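The model shown is predicted, which means the values in this text are computed figures rather than measured ones. Start at 1 and go down the list; that is how both ligands and their atoms are numbered.
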Amino acid sequence: MSANLAEEASDGSEESEPETALETAKRQLARASAHVDIDPNVAERLEHPMKVHEVSVPLRRDDGSVEVITGYRAQHDSVRGPYKGGLRYHPEVGRDECVGLAMWMTWKCAVMNLPFGGAKGGIVVDPKKLSTAEKERLTRRFTQEIRSAIGPTKDIPAPDMGTDPQTMAWLMDAYSMQEDETIPGVVTGKPPAIGGSYGREEAPGRSVAIVTREVCDYYDRPLDETTVAVQGFGSVGANAARLLHEWGAKIVAVSDVNGARYDAAGIDVEKIPSHDTEPEAVTAATGVGTKISNEELLELDVDVLIPAAVGNVLTEENAADVRADLIVEGANGPTTFAADAIFQERDIPVIPDILANAGGVTVSYYEWLQGVNRRQWSLERVHEELDEDMIAAWESVKAEVNGGDLSWRDAAYVVALKRVAEAHEARGIWP
Ligand code: GLU
């Protein structure tokens, strides 16, 4: 997930937040385990994170005062390779949220067949209330606090909500200075000038678009007859909307934190700057369609709904009112467990986050490979390989859907869980 999605919070997500990410992740795991012939001891192991690091980070504010801020790095599973996952700066970051998100990273990497496990970290801070200098000091000191837990073969952070390539550059620099050598592989999602991959920032949105294209094809919907509503215009939402628009779909609604714009005739999404370039540009674009609320966007009568802002926006309260025929998850965890059950009952396919937005971590893997080889790939190569890897993952999930009468989420979990369980069974648990 990319930078600044914290800005994209949809209205109402807090009041109606019935589950934590950890609760949802655990329930999803229990549900998927029932469809996999998994050793119960391995299933028990996977319910728990391997390690959760909690650190106190002193931050010197620009006025000279010192504030002590809590940070986390949750490491869920590393049986298939180093821990991998984003680092978010958000006032509501918590231990359980990091553990739940780390679990999702384990499945996301496995569904994409990447040689990584799952992690997620965060700092309990509102990045909008920090100056650039404060953000840099906080990132450097946090890096120092978690330095022994991370590393290019141990745990590799990446951007997430409220962090961006610049944050990764500071993290890499602080780590490298302390280790006394330049170590680009300690993070992904850094600027290309220091070993970042071309196409990394757009990758989660690109994969959402690829998966939307495939799912429309699966349900016999030509893209040029498909209407799409996208919640969130950060890197995920904006890139998904732009690509789908380019491929012929009609984007009828987009949103930012202040509300949404709707035009049944279609919105020229190229004309609206994404959040990273100009925050809250959607609602500022007064000439575009009519203004509606974020809740109304979720309930529009469209072919495809892409929630690409924050978690827990599709809940027990609004799931019955969603009128989209298909849902493709751009954000991590936008659908609560209860809402998922309602969509299943209503026969609305939900393509899960761990597949749809997995382009981010997949291009992170390419970035890590480029670091190991000290050789940069062209943007064309990144696009080609991503398309290939997304199709391969899509095909494995589709095979489970077709073969087992499973929902798309359960099928993606089954693919991931089989791979993770097989690795655990081969290595053994060493109790
Ligand atoms: N934060 C992103 C995600 O949730 C990417 C993680 C990564 O590239 O390691 O998928």
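Near G86, with a cut-off below 4.0 Å to any heavy atom, the atoms of ligand 1 are 1 (N), 6 (C). Atoms of ligand 1 lying under 4.0 Å from at least one heavy atom of A158, given by number and element, are 6 (C), 7 (C), 8 (O), 9 (O). Set against the non-hydrogen atoms of K108, the atoms of ligand 1 under 4.0 Å away are 3 (C), 4 (O), 10 (O). Here is the list of ligand 1 atoms found below 4.0 Å of a heavy atom in K120: 1 (N), 3 (C), 4 (O). The contact set between ligand 1 and M105, taken as ligand atoms under 4.0 Å from a residue heavy atom, comprises 3 (C), 4 (O), 6 (C), 10 (O). Atoms of ligand 1 found under 4.0 Å from any heavy atom of K84, numbered from 1 in the order shown, are 7 (C), 8 (O), 9 (O).
For P159, a nitrogen or oxygen atom sits less than 3.5 Å from a nitrogen or oxygen atom of ligand 1, counting backbone and side chain alike.
Within the structure, no pair that satisfies the ring pair (Phe, Tyr, Trp, His ring centres under 6.0 Å) test touches residues 137-191, not counting sequence neighbours.
Across every non-hydrogen atom of I348 and V322, the tightest pair is CD1-O, 4.2 Å. Contact record, E97 with V93: OE1-CA, 3.4 Å, taken as the closest heavy-atom pair.
Ion pairing between a basic and an acidic side chain is recognised when a charged N comes within 4.0 Å of a carboxylate O; R206 and D387 show no such pairing. The residues R95 and E54 are annotated as not salt-bridged, no charged nitrogen and carboxylate oxygen being separated by less than 4.0 angstrom.
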Check residues 358-367 and write down every donor-acceptor pair under 3.5 Å in which the side-chain atom is one partner and the other belongs to a residue at least two apart or another chain.
unit_1	atom_1	unit_2	atom_2	d
T362	OG1	A358	O	2.7
S364	OG	T188	OG1	2.8
S364	OG	R200	NE	2.9
S364	OG	G360	O	3.3
Y366	OH	E385	O	3.0
Y366	OH	L386	N	3.3
Y366	OH	D389	OD2	2.5
E367	OE1	G189	N	2.9
E367	OE1	S197	N	3.2
E367	OE2	G189	N	3.0
E367	OE2	K190	N	3.4
E367	OE2	K190	NZ	2.7

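R88 does not count as a contact of ligand 1, since none of its heavy atoms falls under 4.0 Å from the ligand. Taking 4.0 Å as the cut-off, G85 counts as a neighbour of ligand 1 on heavy-atom distance.
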Report the C-alpha distance between D160 and T163 in whole Å, list the side-chain angles of each, state the deciding distance to 0.1 Å, and finish with yes or no for side chain to side chain donor-acceptor pair (under 3.5 Å).
-> CA-CA 6 Å; D160 202 276; T163 57; over 6 Å; no
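Using a 4.0 Å cut-off between heavy atoms, E367 makes no contact with ligand 1 at all. Using a 4.0 Å cut-off between heavy atoms, N332 contacts ligand 1 through its side chain alone, with no backbone atom that close.
Taking the six-membered ring where the residue is Trp, W107 and Y413 present tilted rings, their angle falling between 30° and 60°.
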